[in-house]
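What follows is one structure encoded as C-alpha cells, with my remarks underneath.
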Amino acid sequence: DTQKMLVEAMQISCEMYKDFKMENDFYTNNHRMSIKWDLINDSMVSLLNSAKYPYTSYKAGFWELLLFCDKNLYYLFSIMRKDRFDYICSNPEKNAPKYFDSLVSLNNGLTAQVSQSVISGFDVYEANDKYNKLEDLCKNLPESQNEKFTHIVVVFDIKYSEISSLKLFVVNNKFEIVEEEDILQNVLSANIPNTTYKNDVVDNINPTDTIVKRGHVKLKNKGLKKAK
C-alpha cells in the first residue's frame, strides 16, 4: 500500500546515499542535499511505476518537485523535509513557496470535528491559488471527475543516513493540522511481531496486547467534515 511504498522508498534512498558517500569522497558537501533528493525521487518513481501510481514533476526555479496521486481515493502527495515543513508553518504568509500555497488551497474547507492543532499561529492567513500554479502542477496527472483532490504532504527526517521520521500531514488553507499519520511507526509495528515503535526505539510489549494501526489517512471517515 501507499504507506509501505513510502517507507520502502525512503529506506532505499538512504542505502543508496550511504553507498554514494562511500564511493565519492568530496572535500566539501555542497552537492549532497541535491543528491539526496534525486535519490529519494528516483526511488519513489521506481516504486510508483511498479504500483501504477500516476506522477509528475514540477520545475520550481532550480528545484524539481515530485507529485503523485492516488486517483481512486483522490489524494495528491508531495514530499518535504521536516525542518522545511516546520519553517513554512512557522509563518506561512512569509515562508510558504508559491507551489505549496497552491497545493494546500486544495484543502480549503477541510476542518476537524475535534479540537484542532494550529501549527502556524497565524489565524489571519488563508492560502489560495493566487499564483495560479495548480493547473501547471497537476497538468500531467489524472483529472478528478467527481470531487477535488486532497493534498497530503509527506514529511520526513533523516539522521545519520537513516530515516528517523516519516509522517503524513493534511494541512488546510489556514495551515491547521486536519489529519496526521505516523506511517513509519505504522509500518514498523506491522512488520515486527509483538513490538511497538516509539521515538526511534522498538519496545517489547505483552503478546496479549493489541497494536492499533490507524492505516492510511482516511479523510472520508475519520471525523472530518466540510466547513459550512
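Here CD of E15 is found 12.0 Å from CD1 of I163. Values are rounded to the nearest 0.5 Å. Taking CD1 from I40 and CZ from R81, the interatomic distance works out to 9.5 Å, rounded to the nearest 0.5 Å. Annotation: the span from K36 atom NZ to F156 atom CZ amounts to 8.5 Å, rounded to 0.5 Å. If you take CG on N132 and NZ on K98, they are separated by 10.5 Å, rounding to the nearest 0.5 Å. In this structure, the separation between CD1 on I88 and CG on N95 is 7.5 Å, given to the nearest 0.5 Å. Atom CG of L184 is separated from atom CD of Q11 by 7.5 Å, given to the nearest 0.5 angstrom.
Under a 4.0 Å N-O distance rule, the pair D86/K82 qualifies as a salt bridge. Using a cut-off of 4.0 Å between Lys/Arg side-chain N and Asp/Glu carboxylate O, K167 and E181 are scored as not salt-bridged.
Between the side chains of T2 and Y75, no donor-acceptor pair of N or O atoms lies under 3.5 Å. With no hydrogens or angles considered, no side-chain donor-acceptor pair links N173 and S105 at under 3.5 Å. When only modelled atom types and interatomic distance are considered, N91 and Y125 share no side-chain donor-acceptor pair under 3.5 Å.
With contacts defined as side-chain heavy-atom distances shorter than 4.5 Å, the pair E126/P92 does not qualify. Using a 4.5 Å heavy-atom cutoff, the side chains of L65 and L137 are in contact. Between L6 and V154, the closest side-chain pair of non-hydrogen atoms falls below 4.5 Å. Side-chain contact between L48 and M5: present, with at least one pair of heavy atoms (C-beta onward) separated by less than 4.5 Å. V153 places a side-chain heavy atom less than 4.5 Å from the side chain of H151. Between S78 and L66 there is no side-chain heavy-atom pair separated by less than 4.5 Å.
Panel note: side chain S13, backbone M10; a donor-acceptor pair is recorded below 3.5 Å. Here the side chain of N107 pairs no donor or acceptor atom with the backbone of T150 at under 3.5 angstrom. Proximity of a side-chain donor or acceptor of D42 to a complementary backbone N or O of S46 within less than 3.5 Å is not detected. For S90 (side chain) and Y87 (main-chain N/O), a donor-acceptor pair under 3.5 Å exists by modelled atom type. Listed for the D157 side chain is no donor-acceptor partner under 3.5 Å among the backbone atoms of S165.
Of all heavy-atom pairs spanning I183 and V7, the tightest one is O-CG2, 4.0 Å. In this structure, C69 and F149 approach most closely via the heavy-atom pair CB-CE2, 4.1 Å. Heavy atoms only, all atoms of each residue included: C14 and S161 are closest at CB-O, 3.4 Å. Nearest heavy-atom pair, L110 versus V178, reported as atom, atom and distance to 0.1 Å: O-CG2, 3.8 Å. Between L67 and L103, the closest heavy-atom pair is CD2-CD1, 4.1 Å.
The local environment of NZ in K18 is crowded, with over 12 non-hydrogen atoms from other residues, nucleotides or ligands closer than 6.0 Å. The 12-atom threshold is exceeded at NZ of K59, counting heavy atoms of other residues, nucleotides or ligands nearer than 6.0 Å.
Below 30°, between 30° and 60°, or above 60°: for Y17 and F20 the angle between ring planes is below 30°, a parallel geometry. The aromatic rings of Y99 and Y58 sit tilted, their planes meeting at an angle between 30° and 60°.
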Criterion side-chain contact (heavy atoms from CB on, under 4.5 Å) on M44 and Y55, from CA distance to verdict: CA-CA 10 Å; M44 278 301 310; Y55 63 89; over 6 Å; no
Start with the C-alpha gap between D1 and K4, add the side-chain angles, then the distance that decides, and say whether side-chain contact (heavy atoms from CB on, under 4.5 Å) holds. CA-CA 6 Å; D1 59 13; K4 291 180 180 178; 3.3 Å; yes
Working note: K130 + D101, criterion salt bridge (charged side-chain N to carboxylate O under 4.0 Å, His left out); need CA distance, chi angles, decisive distance, verdict. CA-CA 8 Å; K130 58 179 174 287; D101 221 58; 2.7 Å; yes
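Proximity of the aromatic rings of F100 and W63 is defined here by a centroid distance below 6.0 angstrom, and this criterion is not met. In this structure, the ring of F85 has its center less than 6.0 angstrom from the ring center of F169.
Exactly one residue among L47, L141, I79, L76 makes a side chain to side chain contact (heavy atoms under 4.5 Å, CB included) with F68. That residue is I79.
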